[in-house]
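As structure tokens, the structure follows; a few thoughts come after it.
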Amino acid sequence: MYSRFLISALFAGACAGLIAGLLQLIFVQPVLLHAELYESGELVHFGGAAVTAHPDLPGFDAMRDGLSLIFTMLTYTGYALILLAAMGIAEDRGARIDGRSGLIWGVAGFVAFHLAPGVTLAPEVPGVAAADVSARQVWWFATVATAGVALWLIAFGRNWGVWVIAAALLMAPHVIGAPEPDVFTGPVPTEIGALFAARALGVGLAAWALLGSFAGYFWQREGVNATAEVAGNA
Amino acid sequence: MTTKTMTRSNLRMMPAFFALALGVAVISLTGHVQAAALHDAAHDVRHATGFPCH
């Protein structure tokens, strides 16, 4: 059973992470590099003269972008482990887990891990003003955990009482509020910041949908293999 | 009957919690630990994935 979790998570995480990493390089990285021109002071917003919206950006950097790919694959393998833990428990309680139903698990994972924290702590371009990183990380983990529990209650709850609790859990972190900076110091134009957040969430949704589907597919496949081995040994 | 169900559930629960713990450890490492080397290597990913970075 341990190997079924590990093998499914490794395959699903590596596949979805590789695609997520490539999508990020194509759609998110140029926006990040553009923002860094403002962070470093090479471009200055509100400096009197109008600034071009299409400056020359650094191209592909094998070391930097290669590391990004590896870390994206690792991150999505971590997501896959968490997602499969939930899938395994749900299957034990009668839910059907395969590539098709995995899609909705993936979308739910996106909501818990990207959208729920992103609603108040939007994905940040480099250089924006933000509160202390440890405080934001605590808020991030708390928000992801409450959203995860809330989605589980929505999916497997059987009455309105449970669904109302789920809605309250989803809203609570945002009503309480995330750590905020005391002053704004970000040098990056708002157009770049907004595009970055939108792109990060869009790529996250695509990657998570794939991750859920792959996780469901490999989970079911590993289950069939395990059953075949047991039957073969008998 | 009850005993059998309990045993089967426990067999599934332990690996599931193991996977959950390992998963949280992995994303803490790639997304949250502030050690300089890790932060620099994972910098772009942390921003693009919406983790609090700096």
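Within every chain, numbering begins at 1; the chains are lettered A, B, ... in the order of the sequence lines, protein sequences first and strands thereafter.
When Val125(A), Val203(A), Val128(A) are compared by the number of non-hydrogen pairs under 4.5 Å with chain B, Val125(A) comes out ahead. Counting heavy-atom pairs closer than 4.5 Å to chain B, the top residue among Val31(A), Val28(A), Leu121(A), Leu32(A) is Leu32(A). Ranked by heavy-atom pairs under 4.5 Å with chain B, the first of Ala9(A), Gly78(A), Pro123(A) is Gly78(A). Options Gly88(A), Pro117(A), Pro126(A) differ in how many heavy-atom pairs under 4.5 Å they form with chain B, and the most are formed by Pro126(A). Among the candidates Leu84(A), Leu74(A), Asp132(A), Thr77(A), the residue making the largest number of heavy-atom pairs closer than 4.5 Å to chain B is Leu74(A).
Counting only heavy atoms from C-beta outward, the side chains of Val45(B) and Thr75(A) approach each other to under 4.5 Å. Looking only at side-chain heavy atoms (C-beta outward), Trp139(A) and Pro52(B) stay at 4.5 Å or farther from each other. Side-chain contact between Ile27(B) and Ile82(A) is present, with at least one heavy-atom pair separated by less than 4.5 Å. Within the 4.5 Å cutoff, no side-chain heavy atoms of Val26(B) are placed close to those of Tyr79(A). At least one side-chain heavy atom of Phe196(A) sits under 4.5 Å from a side-chain heavy atom of His47(B). Looking at Gln137(A) and Gln34(B), their side chains come closer than 4.5 Å, going by heavy atoms from C-beta outward.
Taken from CZ in Phe113(A) to CZ in Phe51(B), the straight-line distance is 8.5 Å, to the nearest 0.5 Å. Remark: Thr49(B) OG1 to His114(A) NE2 distance equals 5.5 Å, nearest 0.5 Å.
With a 4.5 Å cut-off on non-hydrogen atoms, Arg93(A) does not touch chain B at all.
The neighbour count for Phe11(A) CZ, taken as heavy atoms of other residues, nucleotides or ligands under 6.0 Å away, does not exceed 12. Around CZ of Phe60(A), the count of heavy atoms belonging to other residues, nucleotides or ligands within 6.0 Å exceeds 12. Crowding of Arg221(A) atom CZ: a count of heavy atoms from other residues, nucleotides or ligands under 6.0 Å not exceeding 12.
For residues 66-73 of chain A, a heavy-atom distance under 4.5 Å to chain B picks out Leu67(A), Ser68(A), Phe71(A), Thr72(A), given by residue number.
Looking at every heavy atom in both residues, Gly50(B) comes nearest to Trp140(A) through O-NE1, 3.8 Å. Nearest approach of Ala16(B) to Ile89(A), heavy atoms of both residues: CB-CG1, 3.8 Å. Here the shortest heavy-atom pairing between Glu124(A) and Cys53(B) reads OE1-N, 4.3 Å.
Put simply, the side chain of Arg64(A) never gets that close to the backbone of Ala41(B): no donor and acceptor are under 3.5 Å apart.
Ring centroid separation for the pair Phe18(B) and Tyr2(A) comes in under the 6.0 Å cut-off.
His32(B) pairs by the side chain to side chain donor-acceptor pair (under 3.5 Å) definition with nothing, not counting sequence neighbours.
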